[in-house]
Amino acid sequence: MAEDRSSQISLHHCLGDTLQIKKEGRPATASTSSVVDGKYVGLYFSAHWCPPCRGFTPRLRQTYEGLLKEGKPFEVVFVSLDRSQQQFDEYYGEMPWAALPFDSNIKKTLASRFGVASIPTFVMISPEGHVLSKNAKSSVTNNPKGFPWEGEDDLRGAPGGGGSNMRWIVWAFLVFYVVYTLFFRQGR
């Protein structure tokens, strides 16, 4: 579920003054405002060592490049949870978008702010600073044309990868009840 629309964040405050970008394929820096102002921003929490992340990155890249070709106001900011500068450099080399610098102290604060419990996590923020979705990863995969994926959270914990923890509890109870009824109550 999307965060309350009255809740607004400042991307400049959250991301700091500068972001790492690529200029003619080489690392460079740019002011955060020049990269994100007036755009929907996806914060991509990921790491080189994470197999699900390595699988999602090409899909996100394809969607990102397609949206830019369509003229959509969209930017992704990679928030690396890599363990070394070398891992960051190698992984970021596969990405066409901006990134927080590897040595940024902001990463843990961002992960806490958006409740990142696992990776990959993809948080969508509107140009006005409203959090549209705290985890739009499955939406990017399953509905790339649904940009900007407002309210399409991928809440983990339920069978099939979606739903809330309460749904998981109900599902587990129903399975238990069916198994109990079929196998233990037959003799009565």
Can a donor-acceptor pair be found between the side chains of Y44 and T121 at a distance below 3.5 Å? no
Under 3.5 Å donor-acceptor pairs involving side-chain atoms of residues 67-74, not counting sequence neighbours:
unit_1 : atom_1 : unit_2 : atom_2 : d
E70    : OE2    : K145   : NZ     : 3.0

Could you give me the CA-CA distance, side-chain angles and deciding distance for V123 and L110, then say whether side-chain contact (heavy atoms from CB on, under 4.5 Å) is met? CA-CA 10 Å; V123 177; L110 280 174; over 6 Å; no
Under 3.5 Å, which donor-acceptor pairs do the side chains of residues 97-109 form with other protein atoms, sequence neighbours left out?
unit_1 : atom_1 : unit_2 : atom_2 : d
S104   : OG     : I106   : N      : 3.1
K107   : NZ     : S80    : O      : 3.4
K107   : NZ     : F102   : O      : 2.5

Contacts of type side-chain contact (heavy atoms from CB on, under 4.5 Å), residue P127, not counting sequence neighbours: Y40
Hey, does the side chain of S46 reach the backbone of C53 with a donor-acceptor pair shorter than 3.5 angstrom? no
Is the backbone N or O of S84 less than 3.5 Å from a side-chain atom of D82, with the two atoms forming a donor-acceptor pair by type? no
Within the supplied structure, the quantity of interest is the number of heavy atoms (other residues, nucleotides, ligands) at a distance under 6.0 Å from Q85 CD; does it exceed 12? yes
Euclidean distance, L15 CG relative to T32 OG1, rounded to 0.5 Å: 5.5 Å
Donor-acceptor contact present, side-chain S34 to main-chain A30, <3.5 Å: no
Enumerate the residue pairs fulfilling side chain to side chain donor-acceptor pair (under 3.5 Å) with a member in residues 16-29, sequence neighbours excluded, ordered by first and then second residue. none
Quick one: pull up CZ in R59 and CG in N142 and give me the separation to the nearest 0.5 Å. 8.0 Å
CD/Q86: more than 12 non-hydrogen atoms of other groups inside 6.0 Å: no
So CH2 of W149 and CG of L132: to nearest 0.5 Å the spacing works out to 10.5 Å
Shortest non-hydrogen pair, M124 vs G42, comes out as SD-CA, 3.9 Å
ring-ring contact (aromatic ring centres under 6.0 Å, His included), that's the test. Do F45 and F78 meet it? Break it down for me. CA-CA 6 Å; F45 295 85; F78 173 45; 9.5 Å; no
Would you kindly say whether S138 and T141 are connected by a side-chain donor-acceptor distance under 3.5 Å? no
Using ring pair (Phe, Tyr, Trp, His ring centres under 6.0 Å) as the criterion, list what pairs up with F122, not counting sequence neighbours. none
When you measure from the side chain of S33 to the backbone of D37, do you find a donor-acceptor pair of N or O atoms at a distance under 3.5 Å? no
Closest heavy-atom contact between H48 and Y91? N-CD2, 3.3 Å
Counting C-beta onward and ignoring hydrogens, is there a side-chain heavy-atom pair between E150 and S133 closer than 4.5 Å? no
From W49 CH2 over to Q87 CD, what is the distance, rounded to the nearest 0.5 angstrom? 9.0 Å
Kindly compute the distance separating CG (L11) from CD (E75), expressed to the nearest 0.5 Å. 11.0 Å
Could you list all the salt bridge (charged side-chain N to carboxylate O under 4.0 Å, His left out) pairs where at least one residue sits in residues 87-100, not counting sequence neighbours? R54-E94
Which heavy atom of Y92 sits nearest to which heavy atom of I21, and what is that distance? OH-CA, 3.6 Å
